[in-house]
Amino acid sequence: MRFKDLEIKELVKNTYPCECGLVHDPKMERIEISEYGIEEAIRFILNKAKGRIMVISDEITFEIAGRTVLEKLKETKKDTVHYIMPQRNNIPVVPDDGTIGETLIRMPLGIDFFVAVGSGVVNDIVRIISYHLAKEYAVIGTAPSMDGYASTTSSLIINNIKESCQGQVPTGIFADINILQNAPYIMLTAGFGDVLSKYNAVREWRFSRDLNREHYCEEVAGLVWKAADKCVASASLLKKRDKNAVVNIMEALILSGIAMGMYKNTRPGSGSEHHLVHYWDIEFIKRGWIHPLHGNAVGVALCVICRLYDLVKAQLSVEVTDLNTENIENILKNAGCETNPKTLGIPKDIFHDSILYGHTMSSSKYTILTHLNKYDKALLEKCAQILTKQYYIDIL
Ligand SMILES: [Zn+2]
Ligand SMILES: [Zn+2]
């Protein structure tokens, strides 16, 4: 059944037996990104929760939306408790074992339904806690900054190592468009960078399909490709915080998560650009540094991988989808996004090594980094040198 042209609200209403041989299930009940996002969320939560509700936020997202959500739920006389994850020494909350443990210790017993108010970190933590307690949750997003809203996994730091941990999708995703529009601009550029990376995710999926006969679904790939196209079309309006530009990013981010869930694999949403970022994050965590916001790093890594393809595509045995590197870089720059790893703050040695060892971030996903490491290590090393020189020595 064709579904790549459906709007996100329609998409989640059905499951889709597909020509690719799979049955794609979005596993989501409700998505509402509008002026009425919070009101609709309250209605949904009251309908879903049979007992005590727990609202979880951090200090910032409590002020942005958490307090309103809590008050509106309490007005209904529904048994509602809340927890604000505290910042330590002005450092934003980290999605690690310590934060999860403390949240559990502070949690009253008998919670029936969880509400996450926030974006990346809050959602990642509530996803894991609700999953392990076998309870459902809904998320009220406060920024269109990353593609994990509809993911089944959370990226957590356990014993100082970043891991992708099994969780569950929220049953509902809600956001008030006015809140999204007023999010810090760095979070809007992060969301845009993460959305644009879907072009490379699909390119690499096709690359492995053509080279290794990997299973591929044009409908699922088409979903994320079209969502990225929609964001590019409205990108010039992002700096003005245009409503449609912001909604397009939020919907594309949610859709990317849904697409990965429908395919039961992260293929549609991430490729070697995410592996570079994963490598950078791990090296930063090892040194006790705070790594850049995920989507901003992904946007930069996308530019790096585009340049890598340009260096090697003539030597590949299959034709790869051409993304026009200059065009991608200009789209990102015009929207105010970072495109250079040096100015993003990635040290030269970490950058160089990420080209060589980025492939180790996934043993199952075949990317251009996997391919070069397997068949032409000398070329990969040469590319690492060329790219490092381009970004860290030459003036761009
Ligand atoms: Zn399919
Ligand atoms: Zn991402």
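When a ligand or atom number is given, it counts from 1 through the structure's own listing order. All heavy atoms count here, side chains included; hydrogens, waters and symmetry mates do not. Predicted model only: the values in this text are computed from it and were never measured.
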Student: I need the protein N, O or S atoms closer than 2.8 Å to the Zn ion (ligand 1), given as residue plus atom name.
Tutor: C18 SG, C20 SG, H24 NE2, C217 SG
Student: When you look at OH of Y36, are more than 12 heavy atoms from neighbouring residues, nucleotides or ligands closer to it than 6.0 Å?
Tutor: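 Result for OH/Y36: open.
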Student: Would you indicate whether the side-chain heavy atoms of T325 and C303 approach each other to under 4.5 Å?
Tutor: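 C303 vs T325: side chains apart.
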Student: Would you check if there is a donor-acceptor pair between the side chains of H274 and H294 at a distance under 3.5 Å?
Tutor: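 Result is yes, a qualifying pair exists.
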Student: Do E204 and Y309 meet the criterion of a side-chain donor-acceptor pair at a distance under 3.5 Å?
Tutor: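 Side chains of E204 and Y309: pair found under 3.5 Å.
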Student: Could you pull out the N/O/S protein atoms under 2.8 Å of the Zn ion (ligand 2), ignoring any water?
Tutor: D194 OD1, D194 OD2, H274 NE2, H294 NE2
Student: Verify the distance criterion only: is there a donor paired with an acceptor across the side chains of T343 and E338 at less than 3.5 Å?
Tutor: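 Side chains of T343 and E338: pair found under 3.5 Å.
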Student: Scan side-chain atoms only and decide if S197 and N200 contain a donor-acceptor pair under the 3.5 Å cut-off.
Tutor: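 The criterion, which ignores hydrogens and geometry beyond distance, is not satisfied for N200 and S197.
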Student: Could you verify whether a donor N or O on one side chain and an acceptor N or O on the other, from S34 and E40, lie under 3.5 Å apart?
Tutor: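 No, because no side-chain N or O of S34 sits under 3.5 Å from a partner of the opposite role on E40.
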Student: Would you confirm whether the ring centroid of F62 sits within less than 6.0 angstrom of the ring centroid of H82?
Tutor: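 Centroid separation for H82 and F62: below 6.0 Å.
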Student: Is there a donor-acceptor contact under 3.5 Å from the side chain of S208 to the main chain of W205?
Tutor: no
